[in-house]
Amino acid sequence: MNIKITYNWLLDYLETDADVFEIQKYLSLCGPSVERVDKNGDDYVMDIEITSNRIDCASVIGIAQEAAAILPRFGKKAKLKKNPLTQLKFPSGFKSPVNINQLSVNIPAELCPRFTAVVLDNIQLKDAPDFIKKRLQLCEIKSINNIVDISNYLMLVFGQPSHMFDYDKIGQGKMWMRESKKGEEIVTLDEKKITLPGGDMIIEDGDKKIVDLCGIMGGLNSAISNTTKRVVFFVQTYNKNKIRKSVMLTNQRTVASTFFEKGLDEERVEPTFVYGLELLEKYAGAKISSPLYDLNYKPETKRVIDLNIADVNRIIGVEIKDSEVKEILENLGFEIAENGFSVPPSRKNDVFIKEDLIEEIARIYGYHNLPSELPPMVYIKQPEEIEQIFSLQYKIKLLLKHLGLNEMMNYSMISKELITNFDLNLKKHLDVKNTISDDIKYLRLSLIPSLAKNIKDNEGKKSCLQIFEIAKVYPQRENELPDERLKLAVAVNTDFDDLKGIMQQIFHELCIVDYELKVNSSNRFFHSGIQTQVKIGQDIVGEVGKLKESYRQNLGLKSEVYLLEFDLQTVIKYQQNLLPYRPVNPFAVIKLDLTLNADKIVFGELKKTAFAKSQLLQKIEVLGKYQNKLSLRFYFSSSEKNITQKEAEAELENLKKI
Amino acid sequence: MLNQEKILLDLQQALEKVTLSDLENLQIKYLGRNGLVNDLFQKIKEVSPAEKKAYGESINRLKEKVTALILAKKEELVTKEDNAEKIDVTLPGKNYPQGSLHLITQGINEISQIFEKIGFIRMSYPEVEWEYFSFASLNMPADHPARDDFETSFIDFPEHSEYGKMVLTPHTSSGQVREMWRLGKPPIRMINISKTYRPNYDATHTPMFYQFEGLCVDKGINITHLKGTIDYFAKAYFGEDVQTRLRPHHFQFTEPSFEVDVTCTVCRGKCEVDGKKCKVCKSGWLELGGTGMVHPNVLKEGKIDSGIYTGWAFGFGIERVIMMKYGINDIRYYYSGDIRFLEQF
């Protein structure tokens, strides 16, 4: 989160010779990042990023404390002029005055660890004094009236939100804090009607009205108005998880809730309350008219952390003197204890172990003051199969790119619609319970539906589409994580020949020679007559085919689509770095052509038997296909002698008999 | 003598029509071992001794003239040939296929190479993970905001008795404890690059994105090594003139934690481009991502003694470093499958 404060406001608490830009520079290096400084009149607005663990410094006082610890490290004078956190205490003789306006409170400890409230009478509603209005306006908070403005002013000074109710609108002065039931309703100050999801912290009054959505926004029914005379001044800490959950589920995020959901310091409630009272008395004529209600369910306990200087140096990497460590920590409010340091209350939600203290030492010492070294070189063996999968994946990707294909990366999840468009079994897919979109709900089991959809989505953008994707699929297993496997898929809108050629190039690149195409008609994605299984060794590594007409229709595809999908990890098992070496054959090669009726043969089978039968056959080349005529060229040669034309012709005659 | 003049005359005539390929034959006819000029040399036997010297000299002159004529012609013809053809070289050449690799693929390749040089091995860990590896082992207690429905995608699957719910890994850090377990004990030098998932979608967030995680655990590893490695990476990836800085930050699984800034890749840290304020950076710096010293609780989950070993880790977004380096800022295009975007790379 970011907060805005002003430089002059900071100087109310900080005595320093550093200008605002020096503060920006040095704080950003060692503490909260001051992201922007903007001059405005005679003041500067500082926009500061606060990390979630340092909500204690999300305030003027918090920044003043950081500056007091950091600036002296850069040769700047800096110290706190006053420290309201330790100096402002409830007045010891806080007596109930006459005309008591009682509150009847019921506050569960698990919802609200610290509860303070008081009823104030004689409220004079008017504009806030100029200095408050001006500072709020610089920090981009709209001025409303003195009561609301004082509440906002307190939040910027202390980082602790407070709230004001109109006492006369709280039925019977009763404030019963509880968790909401699902479906209960509240209209908040911004006039939004919110139906509560249940489990939200709310306050119910004596008339069964919900008057507050705690820590987020008050109810409209108990809001300050022009006729308000008596207010309940209210400073609390809340269960941070409940606040966050309500904010998420109701989508009602407020400045106050961003503070409360980080977990605030119970000890800071008191000074905020005391300073608030002072301002309300001074600028709104407020008079205390009830007892002080203060329930502190989480009283301060001292936490002491052991710290050994050897650990400090071991983790930071330079030698820091014992005295310097002490100085740094003391400037941050830590106190020297036996064997270690005790944690100031404002840091109790953040500092638990010695590493937390070491972080404090290192950042104030200055990360910029540490040298940069590479870690000492050691050799760690990368598992071979991991190395291979990465390097071959890249090799294949490069090949496909050079063949003219475009690489796609799709979401790992697809829609129910896409799954049913391909007649896939929804139940086999793992699904994301809390998906932000139904388009990305089911974890893929195949890349084919995604690539077919990519072709569809790109129709009209480019005429010839040749695309590929290498990605994991996630088939589920019982009681186990899914069996994440890498798949390679290619899709083209050209023809089968194109796709087959791409497949051949992939195998060539991986030096896989002995793969077999099994005529197949069982793949449900593909036309029964235009599909094949690819087998290497004993493994079916994937399938190639033409997208079935019905799926083409389902997707609304204009063009025909040809697809292949391989299990990449299985294919890779068979890869070689080089094709098997064959000595150069010095003897003559005789080429003979033959034209066959294509309807009567299956080329793959013919090839297989021809090579089995002929010792002289070196290669069969397909010259072309015209209608049902298939023209082939046979290459004959011997590795021992020159053969004659006649010998070759005789060999071909033999083959014809098959 | 007459004979010699005729030879010259014939040659001159023959040269008028000769082509480059015929010229070689002509050269053989006149100057070859059995050529006309050599024939004349042979005839010196028939010449009277008194005239032998003059005869010899005259044949030599003839040979020089013949050689000169042929050479001159050759040069003329070669020059002519050189100038004969003319084409419009500005016309496009033959079309070779031009495919594309996804930006992420290129990023992964570049990043793994940078870390390989300093001995970091690339590993791969599950994208669909148990809560234990994504959170609990990383010092993120059950009530941590990152573990709720708004920050993490949960899979509809029975809970694991030991490791909790099944999630889509929200960061590559889920591989930290897995790598510690795999190796058994330090040293560890790992880069884990993977798809990661969070339920967000806007101009700078997609529900799936890529991270790269560095993990280094050993005896004597300290903040200076983290600084050095980050600086090495930033210079190798963005350029030698880039500076880095660490700022205090907060993450559950590191202590101390830092955010890394690099000098703005647009204004090179000067805050100004062509006299105007840089639109890209905050005061000359760009955030690269989060890092820190591995939290002792994480080492403990990894069965590593934090009293002996220390380590650092970082996790950066690949889309982010690509954006910073190349200025490609609408990351929603990355996973849109739009060919008009993808084919540019």
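Fair warning: this is a prediction, and the values are worked out from it, not measured in the lab. So that the names make sense, note that chain A is the first sequence line, chain B the second, and so on, each numbered from 1.
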Is it the case that atom OH in Y333(B) sees more than 12 heavy atoms from other parts of the structure closer than 6.0 Å? no
The interface call for I188(B) against chain A, heavy-atom contacts under 4.5 Å, is backbone
Under 4.5 Å to a heavy atom of chain A? For Y125(B) that would be backbone
Honestly, the part of M190(B) sitting under 4.5 Å from a heavy atom of chain A is neither
- Query: Is the closest basic N to carboxylate O distance between E261(A) and R253(A) below 4.0 Å?
  - Reply: yes
Counting only heavy atoms not in N251(A), do more than 12 sit closer than 6.0 Å to its CG atom? no
Of R363(A), M408(A), E484(A), R54(A), the largest count of non-hydrogen pairs under 4.5 angstrom with chain B goes to E484(A)
Listed by number, the residues in residues 451-458 of chain A that come under 4.5 Å of chain B (heavy atom to heavy atom) are N454(A), N458(A)
Cut-off 4.5 Å, heavy atoms of chain A, and the answer for Y335(B) is both
Counting heavy-atom pairs under 4.5 Å with chain A, the top scorer among Y163(B), W285(B), F258(B), Y201(B) is F258(B)
If one checks every heavy atom of E480(A) against chain B at 4.5 Å, the contacting part turns out to be backbone
Ranking N222(B), V167(B), I104(B) by heavy-atom pairs under 4.5 Å to chain A gives rank one to N222(B)
Ranking H144(B), H295(B), E259(B), M208(B) by heavy-atom pairs under 4.5 Å to chain A gives rank one to M208(B)
Under 4.5 Å to a heavy atom of chain B? For R244(A) that would be side chain
Whatever's closer than 4.5 Å to a heavy atom in chain B on Q476(A) counts as side chain
Tightest non-hydrogen contact, residues L430(A) and Y474(A), listed as CD1-O, 4.0 Å
Chain A shares the most heavy-atom pairs under 4.5 Å, among E343(B), H160(B), K227(B), M166(B), with K227(B)
Honestly, the part of I316(A) sitting under 4.5 Å from a heavy atom of chain B is both
Applying a strict 4.5 Å limit to non-hydrogen atoms, the region of D218(B) in contact with chain A is side chain
Got a sec: does the NZ of K219(B) have more than 12 other heavy atoms crowding it under 6.0 Å?
no
Sequence neighbours excluded, the answer for side-chain hydrogen bond (donor to acceptor under 3.5 Å, both in side chains) partners of S153(B) is none
When the 4.5 angstrom heavy-atom criterion is applied to Q98(B) and chain A, the contacting part is backbone
Most contact-rich option vs chain B, by heavy-atom pairs under 4.5 angstrom, among I470(A), T435(A), L398(A), N434(A), is N434(A)
Whatever's closer than 4.5 Å to a heavy atom in chain B on L249(A) counts as both
Q: For R36(A), look at atom CZ and say whether over 12 heavy atoms of other residues, nucleotides or ligands are found less than 6.0 Å away.
A: no
Within the structure provided, determine whether E49(A) and R247(B) are in side-chain contact (heavy-atom separation under 4.5 Å). yes
The interface call for S412(A) against chain B, heavy-atom contacts under 4.5 Å, is both
Okay, I467(A) and chain B: the region with an atom under 4.5 Å from a heavy atom over there is side chain
Honestly, the part of Y379(A) sitting under 4.5 Å from a heavy atom of chain B is neither
If one checks every heavy atom of H102(B) against chain A at 4.5 Å, the contacting part turns out to be both
Under 4.5 Å to a heavy atom of chain B? For P32(A) that would be neither
* Would you check, one step at a time, whether the test side chain to side chain donor-acceptor pair (under 3.5 Å) holds for T169(B) with S174(B)? => CA-CA 7 Å; T169(B) 191; S174(B) 313; 2.5 Å; yes
Applying a strict 4.5 Å limit to non-hydrogen atoms, the region of M293(B) in contact with chain A is side chain
_Any side-chain donor near an acceptor of the partner, D498(A) and Q466(A), under 3.5 Å_ = yes
So, the part of P296(B) with a heavy atom under 4.5 Å from chain A: the answer is side chain
So, the part of I440(A) with a heavy atom under 4.5 Å from chain B: the answer is side chain
**OP:** Would you tell me whether R444(A) and S450(A) have side-chain atoms, one donor and one acceptor, within less than 3.5 Å of each other?
**Re:** yes
Bottom line for D148(B): the part with an atom under 4.5 Å from chain A's heavy atoms is side chain
If one checks every heavy atom of I389(A) against chain B at 4.5 Å, the contacting part turns out to be neither
Salt bridge (Lys or Arg N to Asp or Glu O under 4.0 Å) pairs touching residues 367-377 of chain A, sequence neighbours excluded, are none
**Message:** Is it the case that atom NZ in K262(A) sees more than 12 heavy atoms from other parts of the structure closer than 6.0 Å?
**Reply:** yes
Turns out that what part of S306(B) lies under 4.5 Å from chain A's heavy atoms comes down to backbone
Would you mind reporting whether I193(B) and S112(B) have side-chain heavy atoms less than 4.5 Å apart? yes
Using distance alone, with no hydrogens and no angle criterion, decide if T51(A) and N53(A) have a side-chain donor and acceptor under 3.5 Å apart. yes
Query raised in the report: When you look at F253(B) and N297(B), which way does the side chain to side chain contact (heavy atoms under 4.5 Å, CB included) test go after all the steps?
Result: CA-CA 8 Å; F253(B) 35 100; N297(B) 290 355; over 6 Å; no
OG1 (T310(B)) and CG (D305(B)) are apart, to the nearest 0.5 Å, by 11.0 Å
Note: vs chain A, highest number of non-hydrogen pairs under 4.5 angstrom among P145(B), S124(B), P187(B), P199(B) is P145(B)
Bottom line for N406(A): the part with an atom under 4.5 Å from chain B's heavy atoms is both
**Asked** Is atom NZ of K240(A) surrounded by more than 12 heavy atoms (other residues, nucleotides or ligands) closer than 6.0 Å?
**Response** no
Under 4.5 Å to a heavy atom of chain A? For L168(B) that would be side chain
Turns out that what part of L400(A) lies under 4.5 Å from chain B's heavy atoms comes down to neither
*Aromatic ring proximity, centroids under 6.0 angstrom, F314(B) and F115(B)*: yes
If one checks every heavy atom of Y96(B) against chain A at 4.5 Å, the contacting part turns out to be neither
The complete set of side-chain hydrogen bond (donor to acceptor under 3.5 Å, both in side chains) pairs with one or both residues in residues 114-123 of chain B, sequence neighbours excluded, reads none
Quiz item: Does NZ belonging to K381(A) count more than 12 external heavy atoms closer than 6.0 Å?
Solution: yes
Checklist entry - Has E384(A) got more than 12 heavy atoms of other residues, nucleotides or ligands less than 6.0 Å from its CD? => result no
Turns out that what part of T244(B) lies under 4.5 Å from chain A's heavy atoms comes down to neither
Please determine whether a side-chain nitrogen of the Lys or Arg among K195(B) and E129(B) lies less than 4.0 Å from a carboxylate oxygen of the Asp or Glu. no
